[in-house]
Amino acid sequence: MSAPALPEVQAVPVPSLRPRRGLDPRAKILLVIGCSIVVMSPAGLRFVPFALLLAIGLALGERDWRRAASLPAAAGVMWVLGWWLPLWWPNALTAVVSLACVYLIRFVVAIGVGAHVIVTTSPTQLAAALRIWRIPRPFAVTLAVMLRFFPVVGAEANAVLDAMRLRGLVGAGGLLRHPVLSVERFTVPMIAASLRASEDLSASAILRGLGSRRKPTAMQPPRFATPDLVLVLVTATLTTAALTLPAPLS
């Protein structure tokens, strides 16, 4: 009696474990520096709408829908308060608000571009990029630790706010009823969490060899690739449009 035929086993394709290569960290750093210098210059309002489009495009490219929606919303609020409100209700108060919004809208754009660097760049990638630029080791290690510090503190702040929300200390009502207690219940845990996070990150940096005198080998060294070329072309197009088209915020 012959053995029963076994079913044919088909090979299941294994997904590639190679991570998707994004923008070069050096390109992102130069983009943040360039956008900050341009929008903060005396004629920076001319470049604000186009830099805002660039920041939204970067958020959409990473599928960060929350950041892609919050950037135009914040810029729209600044535009209404800074340009339309003085026309509807001209007085000294709206003039001060308008002057503040004229500068705050620049910070919105710069922070929007900088948020892309913080979200998409790991400390290892940043350290590798800074080593290629031959940045001194103390500055490179400090920037790499700070890049990881902000997300950790943000997560701790969300946890503290959740605990305060259960006690009714979050929101305008809770702040008006218990102003001192609300500030205390947020500040004290955040100070303790920040100190604890800084110690943990310092220990992690030592374990990763960031303080070593030997030059580490990067598993994925930064390289100029197709996404960086697309970024250069888009940036050049937006810059040309900002210089040739009429300034929308003038």
Side-chain angles (χ1 to χ4, degrees), residues 20-85 97-123 125-126 129-130 143-144 146-158 161 222 225-250:
R20 181 173 60 90
R21 180 178 293 274
L23 296 173
D24 192 311
R26 296 168 295 177
K28 291 186 283 189
I29 294 173
L30 292 177
L31 180 64
V32 172
I33 295 175
C35 286
S36 301
I37 293 176
V38 167
V39 299
M40 293 298 175
S41 63
L45 289 177
R46 172 182 291 273
F47 299 92
V48 165
F50 303 96
L52 180 63
L53 291 177
L54 180 61
I56 297 173
L58 292 174
L60 293 176
E62 294 297 327
R63 297 182 180 180
D64 192 343
W65 314 121
R66 182 177 180 180
R67 177 156 51 96
S70 61
L71 284 175
V77 171
M78 298 300 170
W79 178 66
V80 171
L81 295 178
W83 279 263
W84 285 94
L85 183 61
V97 173
S98 174
L99 183 62
C101 291
V102 167
Y103 287 95
L104 288 178
I105 196 172
R106 305 172 188 232
F107 285 98
V108 170
V109 175
I111 292 174
V113 179
H116 176 76
V117 180
I118 296 176
V119 172
T120 60
T121 307
S122 65
Q125 294 174 344
L126 180 63
L130 295 179
L143 291 176
M146 287 178 59
L147 185 65
R148 183 59 182 146
F149 179 76
F150 290 120
V152 172
V153 172
E156 293 289 344
N158 291 331
L161 289 176
T226 303
D228 303 287
L229 178 60
V230 174
L231 177 64
V232 171
L233 295 177
V234 171
T235 305
T237 302
L238 293 176
T239 303
T240 304
L243 294 174
T244 56
L245 298 178
L249 297 181
S250 59

Determine, stepwise, if the pair Leu58 / Leu31 fulfils side-chain contact (heavy atoms from CB on, under 4.5 Å). CA-CA 11 Å; Leu58 292 174; Leu31 180 64; 3.8 Å; yes
Between [atom1] on residue [X] and [atom2] on residue [Y], distance to nearest 0.5 Å:
X      : Y      : atom1 : atom2 : answer
Phe47  : Leu243 : CZ    : CG    : 4.5 Å
Leu71  : Arg66  : CG    : CZ    : 11.5 Å
Met146 : Leu126 : CE    : CG    : 10.5 Å
Arg46  : Thr239 : CZ    : OG1   : 12.5 Å
Leu238 : Leu52  : CG    : CG    : 10.5 Å

What I'd like to find out is whether the side chain of [X] reaches to under 4.5 Å of the side chain of [Y], using heavy atoms alone.
X      : Y      : value
Ile37  : Ser41  : no
Leu231 : Pro227 : no
Pro72  : Ile56  : yes
Val38  : Phe50  : no
Val108 : Val48  : no
Val102 : Trp83  : yes
Thr120 : Lys28  : yes

Can you list the steps and then say if Ile29 with Ile33 is a side-chain contact (heavy atoms from CB on, under 4.5 Å)? CA-CA 6 Å; Ile29 294 173; Ile33 295 175; 3.9 Å; yes
Over all heavy atoms of both residues, which pair between Val39 and Ala51 is shortest? Give the atoms and the distance, please.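 Smallest interatomic distance, heavy atoms only, reads CG1-CB, 4.1 Å.
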Heavy atoms only: give me the nearest Pro25-Ala129 pair and the separation to one decimal.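 Scanning both residues, the minimum pair turns out to be CB-CB, 3.8 Å.
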Crowded around Phe107 CZ? As in, over 12 foreign heavy atoms under 6.0 Å? no
Partner set under side chain to side chain donor-acceptor pair (under 3.5 Å) for Arg26, not counting sequence neighbours: Asp24
Do any N or O atoms from the side chain of [X] and from the backbone of [Y] form a donor-acceptor pair under 3.5 angstrom?
X      : Y      : value
Asp228 : Ala225 : yes
Thr121 : Ile118 : no
Arg106 : Ser36  : no

Under the side-chain contact (heavy atoms from CB on, under 4.5 Å) test against His116, which residue among Leu23, Val32, Asp64, Leu54 passes? Leu23
